Amino acid sequence: MLRLIVSTEGAVVRELALDRDRISLGRRPYNDVVLAQRTVSGEHAAFLRIGGQVFVEDLNSTNGTCVNGKPVRRQQVFNGDTIEIGAYTIRFVDEPELPGPPTPVRAAAQPLIRVLAGGSVGRELLLDKAVTTVGKPGVVVAAVTRSGQGFAIHQLAGSVQATLNGTPIGTQARALKDGDLIALAGTIMKFVQPSEDR
């Protein structure tokens, strides 16, 4: 499956399938992928599928487009390549799609957050660190913290309020339990914590 994983300042802001012959990227709202920062031109670059190969093409942008750190006009991309567009980094993923649902083994052993609605539906984020941040920088960011008592969430930043089961999270830590729903600027996530007696 061909995918683009868009991140800025180290945080993933969007993940999408490369399911068309052309996907445009830029600051203007009519692009397929809107990158809102000023370092990005109105029509900055495009991903092209040509004869089973994928290319990235710079559209005469002001700040240019780089593949793995090198400026390009048009360049074929391969699995794992990183494309830099202004303040954004886009990782190109070309992996075979596995048949059937993901194996439940990992989910049974590891607490995680699963995206139910929004730009990255189906994505799972393992909670294997002391602090895991989720959200969109500049819009809303929340932190999930792990301690001996379990997991808790609080809002770190953003003008949009994050909610837990429909009520604002706020800056004070709120305990999470299996099945809780977290909403961050249009993205709905579910906290999954398998019971210890499984």
Side-chain angles (χ1 to χ4, degrees), residues 1-19 23 32-36 79-82 88-198:
M1 181 179 180
L2 302 176
R3 289 182 297 139
L4 302 177
I5 301 173
V6 184
S7 60
T8 183
E9 297 177 359
V12 173
V13 294
R14 187 170 178 190
E15 187 172 330
L16 71 154
L18 190 55
D19 54 4
I23 288 183
D32 299 307
V33 179
V34 178
L35 306 175
N79 183 45
D81 280 350
T82 57
Y88 293 88
T89 299
I90 300 158
R91 188 158 63 91
F92 174 67
V93 179
D94 180 5
E95 295 174 344
E97 195 165 358
L98 299 176
T103 56
V105 176
R106 187 180 68 177
Q110 173 70 58
L112 54 87
I113 287 175
R114 182 177 297 128
V115 179
L116 302 180
S120 304
V121 174
R123 184 166 179 249
E124 293 183 349
L125 183 64
L126 291 179
L127 300 174
D128 53 2
K129 296 182 287 189
V131 179
T132 303
T133 57
V134 292
K136 300 177 181 177
V139 181
V140 58
V141 177
V144 177
T145 56
R146 179 178 197 162
S147 67
Q149 289 74 41
F151 290 86
I153 188 169
H154 68 279
Q155 184 161 339
L156 284 177
S159 55
V160 177
Q161 280 197 327
T163 64
L164 176 64
N165 298 323
T167 61
I169 292 173
T171 55
Q172 297 298 315
R174 295 184 57 186
L176 287 169
K177 63 183 184 301
D178 184 49
D180 278 349
L181 295 179
I182 303 158
L184 297 167
T187 298
I188 310 243
M189 297 172 281
K190 181 180 181 180
F191 173 69
V192 180
Q193 184 172 25
S195 64
E196 307 227 346
D197 57 347
R198 280 186 199 169

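In this text, all values refer to a predicted model and were calculated from it rather than measured experimentally. The first residue of the sequence shown is numbered 1, and numbering continues consecutively from there.
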Of all pairs that satisfy ring pair (Phe, Tyr, Trp, His ring centres under 6.0 Å), the ones with a partner from residues 135-183, not counting sequence neighbours: Phe151-Phe191
Distance (rounded to the nearest 0.5 Å) between Ile188 CD1 and Arg114 CZ: 15.0 Å
Separation between CG of Asp81 and CZ of Arg91, rounded to the nearest 0.5 Å: 11.0 Å
Those residues that, when tested against Arg146, pass side-chain hydrogen bond (donor to acceptor under 3.5 Å, both in side chains) (two or more places apart): none
side-chain hydrogen bond (donor to acceptor under 3.5 Å, both in side chains) partners of Thr167, counting only residues at least two apart: Arg174
Nearest-0.5 Å distance, CG of residue Leu16 to CD1 of residue Ile90: 9.0 Å
Non-neighbouring partners of Arg3 that pass side-chain contact (heavy atoms from CB on, under 4.5 Å), sequence neighbours left out: Met1, Ile5, Glu15, Val93, Glu95
Under the side-chain contact (heavy atoms from CB on, under 4.5 Å) test, residues paired with Thr132 that sit two or more places apart: Leu125, Leu127, Lys129
Non-hydrogen atoms of Val115 and Met189 that approach each other most closely: CG2-CG, 4.0 Å
Interatomic distance, Asp94 atom CG to Leu18 atom CG [nearest 0.5 angstrom]: 9.0 Å
Salt bridge (Lys or Arg N to Asp or Glu O under 4.0 Å) involving Asp180 - partner list, sequence neighbours excluded: Lys177
Value rounded to 0.5 Å, distance of CD1 in Ile182 from CD1 in Ile153: 4.0 Å
Contact summary for Leu164 and Ala175, nearest pair of heavy atoms: CD2-O, 4.1 Å
Residue list, side-chain hydrogen bond (donor to acceptor under 3.5 Å, both in side chains) with Asn79, at least two apart or on another chain: none
Ala152: partners by side-chain contact (heavy atoms from CB on, under 4.5 Å), with sequence neighbours left out: Thr145, Ala173
Residue pairs, two or more places apart or on separate chains, that pass ring pair (Phe, Tyr, Trp, His ring centres under 6.0 Å) and touch residues 120-139: none
Spatial distance of atom NZ (Lys190) from atom CG (Leu181) [nearest 0.5 Å]: 7.5 Å
N/O donor-acceptor pair under 3.5 Å between Gln155 side chain and Ile169 backbone: no
